[in-house]
Number of protein chains: 2
Amino acid sequence: MNLKQLAHMLALSQTTVSRALNGYPEVNEETRRRVMDAAKRHGYRPNPSARRLATGKSGMIGYVLPTGAAVDIDPHFVEFLSGLGDYARSHELDLVLSPADADDQETTYRRIVANRQVDAVYISSPKPQDSRVALVSTLGIPFLVHGRSEGFDFDYPYLDIDNEGAFHEAARLLVQLGHRRLALINGDDRETFAIHRQRGVRRALAASGLTLGERHVCSVVMTEENGYRATRRLLEASDAPTAIACSSLIMALGVVRAVRDLDLTIPGDVSLIAHDDVFPWLKPENFSVPLSTTRSSIRLAGARVAERLAARISGLEEGARGEVWPVDLVVRGSVAGAPA
Amino acid sequence: MNLKQLAHMLALSQTTVSRALNGYPEVNEETRRRVMDAAKRHGYRPNPSARRLATGKSGMIGYVLPTGAAVDIDPHFVEFLSGLGDYARSHELDLVLSPADADDQETTYRRIVANRQVDAVYISSPKPQDSRVALVSTLGIPFLVHGRSEGFDFDYPYLDIDNEGAFHEAARLLVQLGHRRLALINGDDRETFAIHRQRGVRRALAASGLTLGERHVCSVVMTEENGYRATRRLLEASDAPTAIACSSLIMALGVVRAVRDLDLTIPGDVSLIAHDDVFPWLKPENFSVPLSTTRSSIRLAGARVAERLAARISGLEEGARGEVWPVDLVVRGSVAGAPA
DNA sequence: CAGGAAAGCCAAAGCGCTTTGGAAGACTCT
DNA sequence: AGAGTCTTCCAAAGCGCTTTGGCTTTCCTG
């Protein structure tokens, strides 16, 4: 059942039927009702390929997925996707993932824009002066950055959490508890979120005349194993920290294992605060010692990203609005006063 | 730059240019070369919306993503995606995720097929007599099942790992080591993979005249917390098992924590074997006691699924070919002889 | 009641590609 | 040499929708 058939059976022109269906004003309300009704009754659904050819709109949002044998997709992605899907579902938006060589995403961005495959894209895990952000903002397609870039002479729309504030609060708490040597086990510090977190920790320390030692900050891919290694290295050194801030729950697993391997205890010998993106399958309160966290649901962020993208597509949102979400500090058993 | 312009500048008809580009035989080799050359030089790329409207092919594969506030996307999905993306990238295939209400995926399947949004779909985590498999096979779109369904009177193409064989081997090893009371901490037993794993364990036990006690098999969503709870329940009972087979590394985290909370040890008091889908961020060899596993890379499966879907789209693969991958049993420190 | 505005509808022209049905010329065969 | 067959190309008809421009008809207004 296509438009032509529907129009014919209603004894109307395609024009009118199309306009009635798409809510244009120049059609009689009663006619519109008739059309809507018939469309529903016959299960008419406009062919998206055709609509797309005519309008250039696809009803899909895009994401360029960096892939490669050596590239691992962040497990957070799944949670983000849950949220995004949740919103998208109720708005009949689809998400198209365009896999790209991690070292050459530009080609793919250009392709999906030139081809008008999607109406909008989002970018995640940006670095400072991220080339994707620069590229996409010149390409003239609606977009949103999940996270933040830095160092541009232009603004862009983004949704980020207050990473600096979160780690500032976490570090401040640890300092208040008497800790003088803090360590930060961070994610890849080429990414903005990691930079912000480090900045937050430094600022909190500086407020008490302390500093974050060169050897007390690690920047690694966020795996359990890297959490373990970093912790071993930190705690086996002569100036071992008494408190650790850690950028992910998964790394925190490794931290806990390392502490145990060294016959130390949390929080007796070392306090620990980690960032929690809220996974359904790994909860900080279930760690052997309940873990203090800075908490922010990445799933909610996914839903919000979808919502704002939809708004941008339909022109309801414009300009370079940045949105920063506060982060909760949830104190549990893994922090205590500094050992004597 | 569209076909018309290109044709005009070559002083050829659109027909010929189109045919030259798409490898049709009725065009002179030299003309083809000229066309190809000009196309490349001017960066001509056929508009996919138009091609799609004309051919009905989209160059995309689809996946219906069950979503909802209470629905969590399996973290395995990300690894699967890595593999799928890896293949898709080199073949300019995109993946479209169509989020759907988890309780009504049929509508979405019908929509994406009717709309010709994708050339093929895959289905994952099937149950026996899975309605999606039944539906899709009547819809006449190329598809592939990742995993297996059961109980149909028709065949369908799938890619699965030998879950039954894997858990049979695991259980057999434990029995050989003298264990008489095994437990299975399984995933949702409405899904086929869980049924197969249980079947494998039972078969191994039966071979030695043993059985899997009613209370020794749990079927839960695969989270750390559920692994913990199941283990507490198992080990605090009077007929506590001396060995546990576990369906996921994430649950195994919980198992290890529960064992430790009870002041028991692995493998002294209880042996443990878990299934490992090979995550880059959590490795069995890094567990406090290196974990024995049944191992199968879900990432490789993703790549293979993409490859076979591509083959089906282009007609290179037909019929209901089932493919079952063997699973490695990797023995590490977490298994030992049964306690006296 | 003439003139203009507004409402309601339509025919037809795209959107950019593929594919059908020839046609013209070159070649083979008897 | 004439008939038949390839080879190589083309014009034009879709694919199913949106949108432009215009045509009636109705409704006011002075």
Side-chain angles (χ1 to χ4, degrees), chain A residues 1-36 38-39 42-60 92 111-119 313-315, chain B residues 1-36 38-39 42-60 92 111-119 313-315:
Chain A
M1 162 74 42
N2 58 21
L3 187 63
K4 193 190 234 171
Q5 293 167 28
L6 187 64
H8 182 257
M9 97 181 346
L10 281 165
L12 285 171
S13 74
Q14 293 188 37
T15 311
T16 303
V17 175
S18 169
R19 289 190 157 143
L21 258 24
N22 295 326
Y24 280 69
E26 60 262 82
V27 42
N28 191 315
E29 268 315 314
E30 201 239 305
T31 310
R32 186 192 307 280
R33 240 189 307 280
R34 250 180 72 219
V35 172
M36 292 282 217
H42 293 84
Y44 167 75
R45 286 194 145 281
N47 177 321
S49 305
R51 157 174 286 176
R52 187 161 167 171
L53 180 59
T55 63
K57 298 268 168 195
S58 67
M60 309 206 280
E92 285 216 1
R111 188 193 89 210
I112 64 177
V113 171
N115 288 351
R116 302 185 169 287
Q117 290 196 78
V118 295
D119 297 340
I313 290 172
S314 56
Chain B
M1 163 75 40
N2 58 22
L3 187 62
K4 192 190 233 171
Q5 294 167 28
L6 186 65
H8 183 258
M9 95 182 348
L10 281 165
L12 285 172
S13 74
Q14 292 188 37
T15 312
T16 303
V17 176
S18 170
R19 288 190 157 141
L21 259 22
N22 295 327
Y24 280 69
E26 58 262 80
V27 43
N28 191 315
E29 267 315 314
E30 201 239 306
T31 309
R32 186 193 306 280
R33 240 189 308 279
R34 252 180 69 220
V35 171
M36 292 280 216
H42 294 85
Y44 168 75
R45 287 193 143 282
N47 176 321
S49 305
R51 157 174 285 173
R52 185 161 170 175
L53 179 60
T55 63
K57 298 267 169 198
S58 67
M60 311 205 279
E92 286 217 359
R111 186 193 91 210
I112 65 179
V113 171
N115 288 352
R116 302 184 170 289
Q117 288 196 81
V118 295
D119 297 341
I313 290 172
S314 56

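The chains referred to below are lettered A, B, ... by the order of the sequence lines, with proteins before strands, and numbering in each begins at 1.
- Distance, A:Leu12 CG to C:dA11 P: 10 Å, rounded to whole Å.
- Atom CZ of A:Arg19 and atom P of C:dC9 are 11 Å apart (whole Å).
- The listed nucleotides are C:dT18, C:dC10, D:dT8; the one nearest the side chain of A:Thr15 is C:dC10.
- Following rounding to the nearest Å, A:Lys4 (NZ) and C:dA11 (C1') show an atom-to-atom distance of 13 Å.
- Phosphate contact (OP1/OP2 of D:dC17, side-chain N/O of A:Asn47, threshold under 4.0 Å): absent.
- Counting any heavy atom pair closer than 4.0 Å across all strands shown, A:Ala7 reaches no nucleic acid atom.
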Intermediate values then yes/no, side chain to side chain contact (heavy atoms under 4.5 Å, CB included), B:Arg52 and B:Arg116: CA-CA 9 Å; B:Arg52 185 161 170 175; B:Arg116 302 184 170 289; over 6 Å; no

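- Using a 4.0 Å cut-off, no side-chain N or O of B:Thr55 falls inside it from OP1 or OP2 of D:dC15.
- Within the 3.5 Å criterion, the main-chain N or O of B:Ser49 finds a donor-acceptor partner in the side chain of B:Asn47.
- Contact annotation: A:Tyr24 side-chain N/O to D:dT18 OP1/OP2 distance is not under 4.0 Å.
- Rounded to whole angstrom, the span from the CG atom of B:Leu21 across to the C1' atom of C:dT18 amounts to 12 Å.
- An OP1 or OP2 oxygen of C:dA7 is reached within less than 4.0 angstrom by no side-chain nitrogen or oxygen of A:Asn28.
- Not a single donor-acceptor contact under 3.5 angstrom links the side-chain atoms of B:Thr16 to the base of D:dT8.
- Residue B:Leu53 contributes atom CG, which lies 12 Å from atom P of C:dG16 at whole-angstrom precision.
- Take the nearest nucleotide of DNA chain D for A:Arg45 and for B:Arg34: the residue whose nucleotide is more 5' is B:Arg34.
- Taking the nucleotide of DNA chain D with the nearest heavy atom to each of B:Ser13 and A:Tyr44, the more 5' of the two is matched to B:Ser13.
- Between B:Gln14 atom CD and C:dG14 atom C1' the separation is 13 Å, expressed in whole Å.
- Under a 3.5 Å cut-off, the side chain of A:Arg111 and the backbone N or O of A:Gln117 do not form any donor-acceptor pair.
- Between the OG atom in A:Ser18 and the CG atom in A:Leu6 there is a gap of 10.5 Å [rounded to 0.5 Å].
- The phosphate of C:dT18 has OP1 or OP2 within less than 4.0 Å of a side-chain N or O from B:Ser18.
- Using a 4.0 Å heavy-atom cutoff across all strands shown, A:Ala20 reaches no nucleic acid atom at all.
- A:Arg33 and A:Glu30 are not joined by a salt bridge, as no carboxylate oxygen comes within less than 4.0 angstrom of a charged side-chain nitrogen.
- One can place CZ of B:Arg52 at 14 Å from P of D:dC17, the figure rounded to the nearest angstrom.
- Protein atom CD of A:Glu26 is 19 Å distant from nucleotide atom P of C:dA5, rounded to whole Å.
- Counting heavy-atom neighbours within 6.0 Å of B:His8 NE2, excluding the residue itself, gives a total of 12 or less.
- A:Ser49 comes within contact range of no nucleotide atom at all, as no heavy-atom separation falls under 4.0 Å.
- A:Thr31 has a side-chain polar atom (N or O) that falls below the 4.0 Å cut-off from OP1 or OP2 of C:dC9.
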